[in-house]
Amino acid sequence: MSERDDHELRISKIQDGTVIDHIAGGHAPDVLAILGIDGSTDEVVSVGMNVPSDRLGHKDVVKIEGRELSQDEVDVISLIAPAASINIIREYGVAEKHRVERPAVVEGVLSCPNHDCITTDGEPVTSRFEVLDDGVRCAYCETILRENLTEHISV
Ligand code: CTP
Ligand code: ZN
């Protein structure tokens with residue numbers, strides 16, 4: 001580790017879990033919302049906000065101990081943090097490193113705000129949204145969500 005890294009290491013390394021790195025500055029709370037992290041469980045989570053970064057100027061970092069994220073969770077993170085990298089940590093080492101990729105479709109993760117939509121009126125239909133450049137569109141009723149995606153997360 002270089003001297004510079006040493007100075008900038010604000011949050012401890014973790015033993016096992018997931019580090020979501022390179023989140024755009026100020027967006028860690030959105031990532032926490034996606035993951036349902038609200039402090040109500042005893043899960044150990046560290047958050048760095050507006051940490052200096054060579055690549056992004058300022059970045060946010062979220063470290064979740066003892067939990068490896070599912071692909072569904074990574075897919076939604078990609079919608080609001082397209083530059084993020086997901087590091088799976090095992091025994092203090094980076095076991096896997098993934099750049100998030102915007103999926104073409106997200107299924108079962110967001111709920112449609114249209115109460116007449118077949119996915120919300122009590123039928124056992126899994127939600128399905130197509131990913132657009134600037135939002136997502138319900139595959140059943142074509143309702144488009146552009147902002148506040150985190151308010152529509154159902155996982
Ligand atoms: N990390 C951690 N605990 C560990 C190992 C790594 O919290 N036991 C964190 C690091 O602090 C960093 C991220 O996981 O935020 C990725 O680690 P690493 O790949 O070693 O860092 P970089 O090379 O800087 O990553 P990148 O190339 O993605 O910028
Ligand atoms: Zn719909």
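Heads up: numbering here begins at 1 and tracks the sequence. As the structure is a prediction and not an experimental result, all values here were calculated from the model. Start at 1 and go down the list; that is how both ligands and their atoms are numbered. The analysis underlying the following values was restricted to heavy atoms, covering all of them including side chains, and did not include hydrogens, waters or symmetry mates.
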Looking at every heavy atom in both [X] and [Y], which two are closest together, and how far apart are they?
X	Y	value
Cys141	Cys138	N-SG, 3.4 Å
Glu73	Arg67	OE2-NH2, 2.9 Å
Glu68	Gly17	CG-O, 4.5 Å
Asp60	Gly26	OD2-N, 2.9 Å

| task | To 10°, measure the SG(Cys117)-the Zn ion (ligand 2)-SG(Cys112) angle for me. | result |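 That angle works out to 110° after rounding to 10°.
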Output field for angle at the Zn ion (ligand 2), Cys141.SG vs Cys138.SG, rounded to 10°, should show 110°
Is there a polar contact, in the sense of an N or O pair closer than 3.5 Å, between Asp21 and ligand 1? yes
Item checked: Contact (N/O only, under 3.5 Å) between Val94 and ligand 1 -> no
Under a 4.0 angstrom heavy-atom cut-off, which atoms of ligand 1 come close to [X]?
X	answer
Arg55	29 (O)
Tyr92	4 (C), 5 (C), 8 (N)
Lys97	16 (C), 18 (P), 19 (O), 25 (O), 26 (P), 27 (O), 28 (O)

**OP:** Report yes or no: does Gln15 have a heavy atom closer than 4.0 Å to ligand 1?
**Re:**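 No, Gln15 has no heavy atom closer than 4.0 Å to ligand 1.
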Determine whether Ile144 and Asp134 satisfy the following criterion, side chain to side chain contact (heavy atoms under 4.5 Å, CB included), listing intermediate values before the conclusion. CA-CA 10 Å; Ile144 291 183; Asp134 60 347; 5.9 Å; no
When you look at CD of Glu142, are more than 12 heavy atoms from neighbouring residues, nucleotides or ligands closer to it than 6.0 Å?
no
Inset, instruction - Could you see which bit of Lys63 sits under 4.0 Å from ligand 1, with heavy atoms only: side chain, backbone, both or neither? - result: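 Side chain only.
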Does Val61 belong to the same Ile/Leu/Val/Met/Phe/Trp/Tyr cluster as Ile34, with side-chain heavy atoms less than 4.5 Å apart forming each link?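 Not linked; separate clusters.
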